[in-house]
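Position 1 is the first residue of the sequence; numbering continues from there.
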Amino acid sequence: MGNTHEKLRIKIWIECDTGDSIFGEGQMRILETIQEQGSINAAAKTLKMGYRSMWGRLRKMEKRLGKPLLERHKGGAEGGHSDLTPEALEMIDKFKRLRLEIAEASETIFRQIYH
């Protein structure tokens with residue numbers, strides 16, 4: 001090792017005390033896609049996931065976090081839409097900050113040990 005082409009890869013997620021995943025890259029991607037697409041259905045299509053699968057993952061996240069992540073608006077003539085709650089936006093922001101801090105610290109440690 002010591003090759004300048006080597007790169008450290010890390011994957012992080014947050015678990016509850018039972019070991020169940022609360023939040024990670026996948027959950028963040030789902031929420032961000034819902035925010036971009038405006039609905040669970042459109043996000044599921046974009047991510048090539050089934051609607052029921054995505055809906056199930058959202059319910060699990062909300063249950064484990066103990067707070068709603070989406071404000072759902074039933075369809076009408078123009079169809080329904082979903083907005084992220086302030087708590088969901090905060091989760092995304094905090095996770096991105098955590099990921100960046102961990103990546104920077106890990107890179108420093110990696111270089112100290114392997115270079």
Side-chain angles (χ1 to χ4, degrees):
M1 299 203 51
N3 188 331
T4 58
H5 301 291
E6 295 163 348
K7 197 166 198 170
L8 177 66
R9 296 284 183 212
I10 56 172
K11 184 173 180 178
I12 61 167
W13 61 93
I14 301 167
E15 293 181 349
C16 59
D17 56 0
T18 63
D20 293 318
S21 175
I22 295 174
F23 203 78
E25 296 288 336
Q27 290 94 339
M28 185 174 68
R29 188 170 46 253
I30 286 171
L31 291 176
E32 287 182 323
T33 305
I34 291 170
Q35 183 180 25
E36 291 166 7
Q37 297 298 318
S39 76
I40 299 169
N41 192 38
K45 288 177 183 176
T46 299
L47 294 174
K48 297 180 178 28
M49 289 179 68
Y51 176 86
R52 287 176 56 109
S53 174
M54 182 175 284
W55 179 241
R57 289 183 72 177
L58 287 165
R59 283 197 326 244
K60 281 182 186 176
M61 273 192 282
E62 289 180 331
K63 183 178 178 186
R64 290 175 183 160
L65 289 167
K67 55 184 134 187
L69 298 173
L70 295 178
E71 295 173 356
R72 298 162 185 92
H73 307 278
K74 298 262 183 192
E78 297 182 19
H81 69 279
S82 295
D83 297 311
L84 299 186
T85 63
E87 292 84 3
L89 294 169
E90 183 180 16
M91 283 292 301
I92 291 169
D93 181 57
K94 285 182 175 181
F95 190 77
K96 285 181 175 181
R97 287 179 17 222
L98 176 67
R99 186 178 61 180
L100 179 63
E101 292 286 330
I102 289 173
E104 289 174 354
S106 298
E107 185 63 30
T108 299
I109 294 166
F110 176 72
R111 293 203 182 282
Q112 288 172 349
I113 294 172
Y114 285 98
H115 291 99

Can you tell me how far the [atom1] atom of [X] sits from the [atom2] atom of [Y], to the nearest 0.5 Å?
X: Ile34; Y: Leu70; atom1: CD1; atom2: CG; result: 4.5 Å
X: Ile14; Y: Lys94; atom1: CD1; atom2: NZ; result: 9.5 Å
X: Thr33; Y: Ile40; atom1: OG1; atom2: CD1; result: 12.5 Å
X: Ile12; Y: Leu98; atom1: CD1; atom2: CG; result: 4.0 Å
X: Phe95; Y: Glu25; atom1: CZ; atom2: CD; result: 5.0 Å
X: Ile30; Y: Met61; atom1: CD1; atom2: CE; result: 5.0 Å

Subject >> Any donor-acceptor N or O pair under 3.5 Å, side chains Thr18, Asp20 >> reply: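 Indeed, the side chains of Thr18 and Asp20 share at least one donor-acceptor pair under 3.5 Å.
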Original post:
Hey, does Glu71 have a side-chain heavy atom less than 4.5 Å from the side chain of Pro86?
Top reply: yes
Subject >> Transitive ILVMFWY side-chain link Ile102 to Ile113, under 4.5 Å >> reply: yes
Original post:
Ile10, Phe23: one ILVMFWY side-chain cluster at the under-4.5 Å cut-off?
Top reply: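 Both belong to a single hydrophobic cluster.
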**OP:** Kindly determine whether Leu31 and Leu58 satisfy side-chain contact (heavy atoms from CB on, under 4.5 Å), including the steps that lead there.
**Re:** CA-CA 9 Å; Leu31 291 176; Leu58 287 165; 3.9 Å; yes
Original post:
In terms of side-chain geometry, is the basic nitrogen of Arg97 or Glu101 positioned less than 4.0 Å from the acidic oxygen of its partner?
Top reply: no
For [X] against [Y], the heavy-atom pair lying closest together:
X: Ala42; Y: Gln37; result: CB-CB, 3.6 Å
X: Gln27; Y: Gly24; result: OE1-N, 3.0 Å
X: Ser21; Y: Trp13; result: OG-CD1, 4.3 Å

**OP:** Measure from the side-chain N and O atoms of Glu107 to the backbone N and O of Glu104, and report whether any donor-acceptor pair falls under 3.5 Å.
**Re:**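 No, because the side chain of Glu107 does not come within donor-acceptor range (under 3.5 Å) of the backbone of Glu104.
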**OP:** Assign the ring pair Tyr114 / Phe110 to parallel, tilted or perpendicular, where the plane angle (0 to 90°) is split at 30° and 60°.
**Re:**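 Ring orientation of Tyr114 relative to Phe110: tilted.
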Original post:
Which pairs with one or both residues in residues 31-58 pass salt bridge (Lys or Arg N to Asp or Glu O under 4.0 Å), sequence neighbours excluded?
Top reply: Glu32-Lys96
**OP:** Check step by step if side-chain contact (heavy atoms from CB on, under 4.5 Å) holds for Met91 and Leu65.
**Re:** CA-CA 10 Å; Met91 283 292 301; Leu65 289 167; 4.1 Å; yes
